[in-house]
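Per chain, numbering begins at 1; letters A, B, ... match sequence-line order.
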Amino acid sequence: MSFIPGQPVSAVVQRIEIHKLWDGDNLILGFSIGGGIDQDPSQNPFSEDKADKGIYVTRVSKGGPAEVAGLRLGDKIMQVNGWDMTMVTHDQARKKLTKKNEDVVRLLVTRRSLEDAVRQSMMQH
Amino acid sequence: MEEKLRILEDLNMIYIRQIALSLKDSDIQKKIDYEIRMREGACKLLAACSQRDQALEASKSLLTCNARIMAYMSELQRMKEAQVMQRVARRSFDAGPMDDRSPCKGKVAISDLRIPLMWKDTEYFKNKGELHRCAVFCLLQLGGEIFDTDMVMVDRTLTDICFDNTIVFNEASPGFELRVELYSCCSEEDYSAGSTPRKLASKLSSSLGRSAGKKMRAALEPGACSTTSNGGGATILLPVPSVPGPKYHLLAHTTLNLSHVQDSFRTHDLTITGNEECSYWLPLYGGVCCRLAAQPHCMTQQMMSGCLRVKLGGEPQGWTNVYGVLKGTNLFCYHQKEDMEANVEPVLTIGINKETRIRAAEKDPHSKAQNICITNQYGGEEVTHTLAADSREDTQRWMEAFWQQFYDMSQWRQCCDDLMKIELPSPRKPAIVTPKQGSLYHEMGECVQTPFYTFTEAVAEFEAIDCHKIKPSDTIEPYRGFCCRIMLSLLRSELCCPPITMTGEVTLMRSYLTPPSTGPRDPNHFCHPCDQQPSLDVNFKYSSIN
């Protein structure tokens, strides 16, 4: 999933719809993110390319809305509700995910296993 | 001149009402009457408003009312034409062929509208020049339904114009055309002719810069940059009473149809009207990003149900009685009708999609009616299910339902592959908005509790004060404004579906609120939103009308 800044990125993505849960006055999603263009990418345990400053999923709480929707640990988030996540700061990403007036967030995520699956099925034919 | 305009307007209203009456369509008649009353209310409100944002809201309501009246008018014209054509056709015994199959209707929803802006870098980063603010909103029209989004204030600190509303149109045909129009209004000093002395005074104190001069010239020449104001061609049919106040102009528009429907976010091109010289100009990037989803009724509703017999297992004579329900891309077969209502798993599910082939088999000598054979491809294998109805008429009805389903799927195309989700925003507590200076409650200076006014009560009371039927008290100015506020919020809650946020009321509630607490933020381990939304005790409870 390496990329060259300024060049178009193509990736195999999975669409995930997370329905937020109301917990008292808070809306919870059930996962944590790490990364961002203002963070240190070499510390990211999930990325293949240690220069990748994208947003990665660092924790998925068990049974939470994110896990139910199909989000997995280590996924890279490419898009949230139409907003790009490949070139944003950590705070910007958090804000796009935690909007109060949105009950559903639609993510596009990518992971290594998706690419592998597609490559395998292409090789079979 | 004003007299003539008013007479023209009254004549137009009478004309509209007459047509509605003659068509004996009470539904549209009621809608038109309602819109006309709302329009009058909005005009009065506009005249009475003292605050800029109230005036902007009222002007937006006025524009929406006008657009709706125009839509109903054209609907009436169409109906009248159709009536006349029918009469002509009957007279000439030229009855055309029976109605062809018509596709089912569906729900179309547009949400997460986002329009990116393209500021010059000098404006955006260096923050040079005066802050040019515009009030914008979107008007969405599909068929006869018109909705407007909330109003958003835009200045150069924003990179995108975002509208949070989800708009759902309920009865759309597959050939729908959804027109999206972006209206904007400059939100600076009043450029209306009536306030010239004040403007002159303020201009004398500061020299007239180049950009300000351009704007002034543009504002003084109404024809220069805008061909329409307050509702497009409605100016001819419904001459707008010359109320001093902000006027919205069309900034950009686009039309979306079935080919743009997808279960994800897409960017569409915008056609931009207006140019840099206009006061309401905003540097648009040229696209609009949104999610346009459609749910045809054939996917969400039961198109056909009834008792069937199906051959299960390998036995040639093994008929099983089931209760069949045709919905979406499946024919569900339950043991009995009660199972379906109880949400029990169906005994058998047969897929009905574009690849399915259905035919009526030859008459079985043992039974009275024909058999229906449904063939599907399941990964290279062909699987055929044989069903039978109880009577010939039932068989015919089932075949008809299947053909209708296939036709609907061919018309709605990609919407029938999978059910697209449409969510209506859940009723949420109103968001905290930082109170602006000089809000209504600052003027009043005290906490006022009012019962919930219905819109008609509010209008009646307002009109009573207006006509001096009720003796105005000493605090007439704020009371009038207060009524404005109620009417404004009621007007909007009547017009729009989602609940609105009310600005200004928060000053009252400050003492009841606990400050929002932000938890510790570790950049790499961020769990869930830490901002807490304090509970708000709103004085005015309004219900959203869907």
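Heavy atoms closer than 4.5 Å to chain A are found in both the backbone and the side chain of B/D263.
Side-chain contact between B/F265 and A/L108 is absent, with no heavy-atom pair separated by less than 4.5 Å. In this structure, the side chains of B/S264 and A/R15 come closer than 4.5 Å at one or more pairs of heavy atoms.
Atom SG of B/C162 and atom CG of A/N81 lie 10.5 Å apart (nearest 0.5 Å). Once rounded to the nearest 0.5 Å, the distance linking CZ of B/R291 with CZ of A/R106 reads 3.5 Å.
Counting heavy atoms of neighbouring residues, nucleotides and ligands inside a 6.0 Å radius, atom CD of B/E382 exceeds 12 of them. With a 6.0 Å radius and a threshold of 12 heavy atoms from other residues, nucleotides or ligands, B/D418 has its CG atom at or below the threshold.
Nearest heavy atom pair, residue A/E17 against residue B/K421, reads OE1-NZ, 3.0 Å. Across all non-hydrogen atoms, the minimal contact from B/R114 to A/G82 is NH2-O, 3.0 Å.
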